[in-house]
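What follows is one structure encoded as structure tokens, with my remarks underneath.
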Amino acid sequence: MAMFQNPGAFFLGTLVPSEQKFLKVLLENARKNGYTRFVEPCAGAFAMSHLAIQSGFKPEEVEASDVSMFTSIMGYAVTGKPLDELEIHAKGFSDEELLDPAVAMYAWKYLSTVKNAGKEYFYNFMLDLATRKEEHIADIREQLERAKGILNGMNYRALDMWKHMDEVLNDEHCIVIANPPTYAAGFEKYYDTGGMMTWKEPEYGIFDPKTGLQEFMDLCKDAKCLVLCYEENEPGKTAGEPVFARYGVRSGVNVYLTANRPEEATALAHGKKIARPGESKLSSLECSMLPRDYEITEKTKVQLCQIERAEAQYYRQLWTHNFVGSSAPINIAVLIDGKIAGVFGVDKAALTMGAFGTQVSDAVFLMYGMTVPHKKYRLGRLLTMLAQNKGFIFKICTDLEKEKVGHLKTVQMTKYPEAKEMRGVMKLTKRVPDPKMGFRLTYESELKDRTEKETLAEWLRRENKWQKERAKAKAKSDTNK
């Protein structure tokens with residue numbers, strides 16, 4: 001079997017069909033909507049660059065970077081750069097031989113296999129590479145020529161991801177798709193030859209996804225460029241906002257595409273026109289805000305309506321003194337007698353089918369919830385109860401999603417081992433100590449068959465009971481003083 005069996009082995013072999021379809025539509029529409037620069041840091045085998053060109057980007061509009069020797073050899077080959085700049089040396093190969101990209105790539109594969117030859121699989125693989133050396137090199141050369149035919153004209157540099165991102169963050173015409181390592185020192189472990197092959201390696205830092213993903217998305221949060229990032233993570237723990245998900249390769253871990261502007265990325269993926277970066281401004285709804293002393297009764301009318309991200313951000317900023325936090329793909333306003341009382345955001349990404357028809361999750365994720373301050377009522381509990389209702393969830397789901405969905409899930413970061421406002425509303429299913437915040441709490445609940453009016457009545461009954469118990473406890477405390 002040749003080292004690379006087909007043209008896709010260099011490129012799209014790393015992408016499952018569902019990802020290719022999602023990204024191709026997104027990139028096609030990004031190009032139509034004014035994005036004229038495509039960037040792929042952590043390029044690997046150039047899967048994203050290849051897809052970008054398939055989607056309408058011109059090769060000269062595409063740029064990629066990486067810190068691995070394998071990718072740099074390939075990048076130099078397809079862009080026509082001489083390999084002597086990389087100063088490659090390999091055991092058993094002359095420096096002159098290594099100026100041939102096909103030989104250099106073969107040397108890397110052979111020596112990385114030799115390193116693991118103590119295991120039977122790698123030993124047999126090594127023997128095949130050794131006995132059919134010329135056949136493998138010829139196959140690699142053929143693949144490189146095909147790659148060059150597609151990618152020639154693009155820009156490639158052996159460059160650290162963070163340095164590349166610094167160059168593009170303020171470019172509103174740039175779209176970035178990054179695929180950083182999925183485990184600590186991933187580049188180093190995957191491309192290691194045990195020191196038998198060296199090169200002029202660029203300066204870079206070890207990437208640890210436990211902290212690196214959050215650092216990356218924090219960097220891109222307010223960027224003018226549109227950024228998508230691959231993440232392998234547990235549901236609800238992604239650093240960015242998911243716009244695509246599929247069943248992962250490990251139990252409890254899914255593959256996500258997250259974005260710094262999820263609504264824009266989702267719109268592009270569905271072929272919709274988008275507002276160019278910078279055009280969106282915070283805006284309020286055409287209604288008054290619920291007064292802090294507003295009396296709520298069973299005759300009160302409660303409504304949920306979908307709103308724009310900019311409108312949700314306006315109230316979140318207002319009610320949290322300019323701290324907004326992450327946004328959501330779907331934003332909802334809670335109206336009480338026509339007055340804005342709260343906003344919350346939900347994400348349906350976990351309902352996406354996996355590559356082999358495997359469901360990621362049956363839960364819609366409650367990403368944030370915020371209410372107007374009130375002197376008497378705990379409006380946050382009403383907001384959560386409204387988000388649990390099957391009728392509301394079904395309104396935002398497709399027919400296929402309606403068949404899958406069964407739960408609402410949320411995650412809270414608190415100093416305490418329990419979030420009291422969730423008591424009796426959602427069930428605590430996971431508690432993980434967090435070195436910064438104290439605890440990461442996961443809450444879940446089944447969807448409820450109740451109307452908004454029934455929800456209000458149930459919430460009022462609980463609130464009235466809580467207030468009576470609270471008054472009784474306060475009176476007892478005052479008596480004991």
Do Ser55 and Glu28 get their side chains close enough for a donor-acceptor pair, meaning under 3.5 Å? no
Backbone N/O of Met154 and side chain of Thr79: donor-acceptor pair under 3.5 Å: no
For Ser72, what residues pass the side-chain contact (heavy atoms from CB on, under 4.5 Å) criterion, not counting sequence neighbours? Leu86, Tyr156, Ala158, Trp199
Spacing of OG1 belonging to Thr414 relative to CG belonging to Leu441, to within rounding of 0.5 Å: 4.0 Å
Between Tyr110 and Tyr106, how do the two ring planes meet: parallel, tilted or perpendicular, split at 30° and 60°? parallel
Check this for me: does any side-chain nitrogen of one of Glu418 and Arg431 sit under 4.0 Å from a carboxylate oxygen of the other? no
Flag the pair Asp160 and Lys163 as a salt bridge only when some basic side-chain nitrogen lies within less than 4.0 angstrom of an acidic carboxylate oxygen. no
Output the distance between atom CD1 (Ile175) and atom CG (Leu26), rounded to the nearest 0.5 Å. 5.0 Å
Within the 3.5 Å criterion, strictly below it, is a donor on Asn29 or His270 matched to an acceptor on the partner's side chain? no
Under a 3.5 Å threshold, yes or no: a donor from one side chain and an acceptor from the other, between Asn254 and Tyr256? yes
Do Asn331 and Gln313 get their side chains close enough for a donor-acceptor pair, meaning under 3.5 Å? no
Considering residues at least two apart in sequence or located in another chain, which fulfil the ring pair (Phe, Tyr, Trp, His ring centres under 6.0 Å) criterion with Tyr443? none
From the list Val343, Ile332, Ile330, side-chain contact (heavy atoms from CB on, under 4.5 Å) partner of Ile307 resolves to Val343
One thing to verify: whether Arg157 and Asp66 come together as a salt bridge, which I'm taking to mean a side-chain N less than 4.0 angstrom from a carboxylate O. no
For the residue pair Ala104 and Leu98, what are the closest heavy atoms and their distance? CB-O, 3.8 Å
Sequence neighbours excluded, every pair satisfying salt bridge (Lys or Arg N to Asp or Glu O under 4.0 Å) that has a member inside residues 36-57: Arg37-Glu63, Arg37-Asp171
Over all atoms of both residues, closest heavy-atom pair of Ser445 and Gln388: OG-NE2, 3.1 Å
How far apart are the C-alpha atoms of Thr198 and His89, what are their side-chain angles, what is the distance that settles it, and do they pass the side-chain hydrogen bond (donor to acceptor under 3.5 Å, both in side chains) test? CA-CA 5 Å; Thr198 61; His89 306 285; 5.3 Å; no
Before we go on, tell me: are the rings of Phe392 and Phe344 under 6.0 Å apart, centre to centre? yes
Between Glu234 and Lys430 (salt bridge meaning N to carboxylate O under 4.0 Å), is one present in this structure? yes
Looking at Ala90 and Leu111, what are the two nearest heavy atoms and their distance? CB-CD1, 3.8 Å
Does atom CD of Glu85 have more than 12 heavy-atom neighbours from other groups under 6.0 Å away? yes
Do the numbers put Lys409 on top of the ring of Phe365, so that NZ or CZ is under 6.0 Å from the six-membered ring centre and no more than 45° off the axis? no
Closest non-hydrogen atom pair between Leu383 and Met370, with its separation: CD1-O, 3.6 Å
Near Glu401 CD, under 6.0 Å, is it more than 12 heavy atoms from other residues, nucleotides or ligands? yes
Applying side chain to side chain contact (heavy atoms under 4.5 Å, CB included) to Val255 and Glu19, what does each step give before you reach the verdict? CA-CA 10 Å; Val255 176; Glu19 288 170 17; 4.0 Å; yes
Show your working on side-chain hydrogen bond (donor to acceptor under 3.5 Å, both in side chains) between Glu444 and Thr429 and close with a plain yes or no. CA-CA 7 Å; Glu444 295 185 53; Thr429 58; 3.3 Å; yes
